[in-house]
Amino acid sequence: MQYRRLGRAGLKVSELSFGSWVTYGNQVDTKAAIECMAAAWDAGVNFFDNAEVYAAGESERIMGEALKKLGWPRQRYIVSTKFYWGIADGPNEKNTLNRKYLTQAIDGSLKRLQLDFVDLVYCHRPDPETPIEETVWAMHDMIRQGKALYWGTSEWSASEIMAAWQIAERHHLAKPVVEQPQYHLFHRRRVESEYRHLYHDIGMGLTTWSPLASGLLTGKYRNGVPKDSRGALPRMAFLLDGLTDKARNGVVQTLEGVAKELGCTLPQLAIAWCAKNPHVSSVITGASRPEQVKENLKAIDVLPRLTPMLMDRILEIVAPHDDR
Ligand code: NDP
């Protein structure tokens, strides 16, 4: 495993990392979380992604328990959380990035995670009802208080990120250093086009999500929805059209052939493809069981096999069906 700088920041994250969306608190209990996190750690992962809203706080609680039981030195791992949706219903507790919510939400997360600070904290979505300046000051204060070390955004537009960065620059505040966008073979536009100038202009790093498009890029949805898969979870029904899309599953079948030629599995190929992008600091992988973690993290070995010629060939296969 290699460790890449988070954009221009000094923090080094493993090029593949591990996240807990959907799984912790829904599919995965503390015991399974420990097994998955231990498998990731053994493969060299140092970054574990989380969010307040995942399983309404339960995901943070389970990760906190797991970290306590695993007993790794705090210096060696990076934990993140994210704020926006909230886990309560009040007008200042959900769908906001206002100062009041952010100031109180971090305390709840730290308590559930049983940590004194998180390494990274993301503004999980932009909030059109709070001035960006108010959010930037609140994030700066969170860092000044030692409750978080770095901050960033998730699924913000390039202009929103630039506005936040410029406010921080103008007032000498802690700047956003990372964005967390969706990025996989079928979803490339934002990372490859919209954000392009931000890598150079402000040194923004990327920790990307859903490298397997929620499982589509494993090939498991080619013949319907497996009973034990994310696609079969009732609250994930909104993903079903995408997971069972005929044209994309046709592409998946062709990609399976490419993976076979390379001597790897399709998930490994899809994850390695994301990590091949030099602007990506870390590809956040997800798994519902330890065997998937072990398989997926071997994607690292596939990276040197992705020659420019092969990358071109893969793009030719996906291009008619991606979002560009
Ligand atoms: P993926 O697209 O890689 O999907 C992971 C899921 O695919 C697993 O939970 C599992 O689901 C299935 N899977 C994984 N590996 C295999 C395999 N080898 N064989 C078969 N099935 C497999 O990633 P996620 O969507 O989980 O995203 C990764 C992380 O990114 C999240 O945990 C979270 O931390 C972060 N994220 C951030 C978002 C944001 O808005 N900032 C949004 C979404 C995610 P199953 O077995 O149940 O089918």
task = Consider only side-chain N and O atoms of Tyr54 and Lys82, and report whether a donor and an acceptor are under 3.5 Å apart.
result = yes

For the student: nearest non-hydrogen atoms of Ala33 and Ile62, plus distance = CB-CG2, 3.6 Å

note = Closest non-hydrogen atoms of Trp209 and Ser154, given as atom of the first, atom of the second and distance, are NE1-OG, 4.3 Å

query = Rounded to the nearest 0.5 Å, what separation is found between the CG atom of Leu173 and the CE atom of Met139?
reply = 12.0 Å

Student check: side-chain heavy atoms of Leu255 and Leu217 closer than 4.5 Å = yes

Short N-O contact, Asp119 and Arg74, less than 4.0 angstrom = yes

task = Using the rule that two of Ile, Leu, Val, Met, Phe, Trp, Tyr join whenever any of their side-chain heavy atoms come within less than 4.5 Å, decide whether Val302 and Ile300 are in one cluster.
result = yes

ask   = So with a 6.0 Å cut-off around CZ of Arg305, is the heavy-atom count from everything else above 12?
value = yes

query = Roughly how far apart are Leu67 CG and Trp72 CH2, rounded to 0.5 Å?
reply = 6.0 Å

task = May I ask you to test the Asn95-Asp127 pair for a side-chain heavy-atom distance under 4.5 Å?
result = no

inquiry  = I'd like to know whether CZ of Arg8 has more than 12 heavy-atom contacts from other residues, nucleotides or ligands below 6.0 angstrom.
reply    = yes

task = Inspect the surroundings of CG in Asp312 and state if more than 12 heavy atoms from other residues, nucleotides or ligands are less than 6.0 Å away.
result = yes

ask   = Given the rule that I, L, V, M, F, W and Y join up when any side-chain heavy atoms are under 4.5 Å apart, are Val53 and Leu113 in one cluster?
value = yes

Crowding at CD, Glu261 (>12 non-hydrogen neighbours, <6.0 Å) = yes

message = Pair Glu65, Lys69 - check salt bridge (charged side-chain N to carboxylate O under 4.0 Å, His left out), show working.
response = CA-CA 6 Å; Glu65 286 271 296; Lys69 294 218 167 93; 3.7 Å; yes

Working for ring pair (Phe, Tyr, Trp, His ring centres under 6.0 Å), residues Phe83 and His124 = CA-CA 5 Å; Phe83 300 120; His124 212 158; 9.1 Å; no

task = For the residue pair Arg190 and Ser157, establish whether any side-chain heavy-atom pair is separated by less than 4.5 Å.
result = yes

note = CZ of Arg76 to CG of Asn46, rounded to nearest 0.5 Å, is 11.0 Å

ask   = Are the charged groups of Glu256 and Arg222 less than 4.0 angstrom apart, N to O?
value = yes

message = Quick check: closest heavy atoms across Cys274 and Val283, and the distance to 0.1 Å?
response = CB-CG2, 3.7 Å

query = Once you round to the nearest 0.5 Å, how far does CG of Leu233 lie from CD of Gln27?
reply = 4.5 Å

message = Show the nearest heavy-atom pair for residues Pro290 and Glu35, with the distance to one decimal.
response = CG-OE1, 3.4 Å

note = Rounded to the nearest 0.5 Å, the CD1 atom of Ile143 sits from the OH atom of Tyr150 at a distance of 9.5 Å

query = What do the steps show when you test Phe18 against Asp49 for side-chain contact (heavy atoms from CB on, under 4.5 Å), and what is the final call?
reply = CA-CA 6 Å; Phe18 186 56; Asp49 186 61; over 6 Å; no

message = Using the rule that Ile, Leu, Val, Met, Phe, Trp and Tyr join whenever any side-chain heavy atoms are under 4.5 Å apart, tell me whether Ile271 and Trp273 fall into a single cluster.
response = yes

query = CD of Gln180 to OG of Ser281: how many Å apart, nearest 0.5 Å?
reply = 11.0 Å

ask   = Can you tell if the side chain of Trp41 reaches within under 4.5 Å of the side chain of Tyr77, non-hydrogen atoms only?
value = yes

query = Below 4.0 angstrom, N of the basic side chain to O of the carboxylate: do Glu15 and Lys276 qualify?
reply = no

request  = State yes or no: do Leu6 and Tyr195 share one hydrophobic cluster built from I, L, V, M, F, W and Y residues joined by side-chain heavy-atom distances below 4.5 Å, directly or via other members?
outcome  = no

task = Give the intermediate values and the outcome of salt bridge (charged side-chain N to carboxylate O under 4.0 Å, His left out) for residues Arg112 and Glu58.
result = CA-CA 8 Å; Arg112 286 185 292 275; Glu58 196 55 13; over 6 Å; no

